[in-house]
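All figures in this text were calculated on a predicted structure; none of them were measured in a lab.
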Amino acid sequence: LSPGRGEPAAPSTEYALFWSLGFAVRRSTFDLIGGFDETFAGYGGEDTDFAFTARGMGIPLAFSGATMFHQHHGVHRPPLQHLESIVVNARAFRRKWGTWPMTGWLEAFARAGYVAWDPDGGELRLLATPGPAELAAVRVSAPY
């Protein structure tokens, strides 16, 4: 996982912070990692899985100070529109890596009563799905 142009890259061990929205890697390294695990369906977990696979192979991670453009768009905080796939993918990630990904989102879903989640154990169960009003309530258009 190599940096782009700009400031020198800062080596990191924070593989859980990897975000595929903007990253650079040689094709040979991408192929060595095996690409993204396509068993992750929908949204959530695939980036962290990719980074953890790289970490397991000893591939270094660095974060660059390079500037990138990300088109502004509204989001849901937390991402309730992806609730079901996040739950499925979080369970798959936990089975594969022994730890939970996306803990901030899982905590928010649990606080709101959408999931039953034991952060120290293996339970993550969907309790409810949001309706249109609930989705609208968490939609924000602020840039960050």
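For the pair Ile86 and Pro79, the minimum side-chain heavy-atom distance is below 4.5 Å. Between Leu61 and Thr13, every side-chain heavy-atom pair lies at or beyond the 4.5 Å cut-off. Val88 places none of its side-chain heavy atoms less than 4.5 Å from the side chain of Phe40. Residues Val138 and His76 have side chains in contact (heavy-atom distance under 4.5 Å, counting atoms from C-beta outward). Side-chain contact between Trp117 and Phe109 is absent, with no heavy atoms from C-beta onward closer than 4.5 Å. The side-chain heavy atoms of Pro130 and Leu83, taken from C-beta on, include a pair separated by under 4.5 Å. By the 4.5 Å heavy-atom criterion applied to side chains, Trp100 and Leu124 are counted as neighbours.
Counting all heavy atoms, side chain and backbone alike, Glu134 lies closest to Leu80 at O-CD1, 4.1 Å. When all heavy atoms are compared, the tightest approach of Ala41 to Ser85 is O-CB, 3.6 Å. Annotation for Ala90 and Leu106: closest pair CB-CD1, 4.2 Å, computed over non-hydrogen atoms.
Gln81 and Tyr43 are not linked by any side-chain donor-acceptor pair at a separation below 3.5 angstrom, with hydrogens and angles left out of the test.
Ring planes of Trp19 and His70: perpendicular class, angle over 60° (limits at 30 and 60°).
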Less than 3.5 Å apart, which donor and acceptor atoms pair up between the side chains of residues 46-58 and the rest of the protein, not counting sequence neighbours?
| from | atom 1 | to | atom 2 | distance (Å) |
| --- | --- | --- | --- | --- |
| Glu46 | OE1 | Gly44 | N | 3.0 |
| Asp47 | OD1 | Ser20 | OG | 2.7 |
| Asp47 | OD2 | Ser20 | N | 2.9 |
| Asp47 | OD2 | Ser20 | OG | 3.2 |
| Asp49 | OD1 | Lys96 | NZ | 2.9 |
| Asp49 | OD1 | Trp97 | NE1 | 2.7 |
| Asp49 | OD2 | Lys96 | NZ | 3.3 |
| Thr53 | OG1 | Asp49 | O | 2.9 |

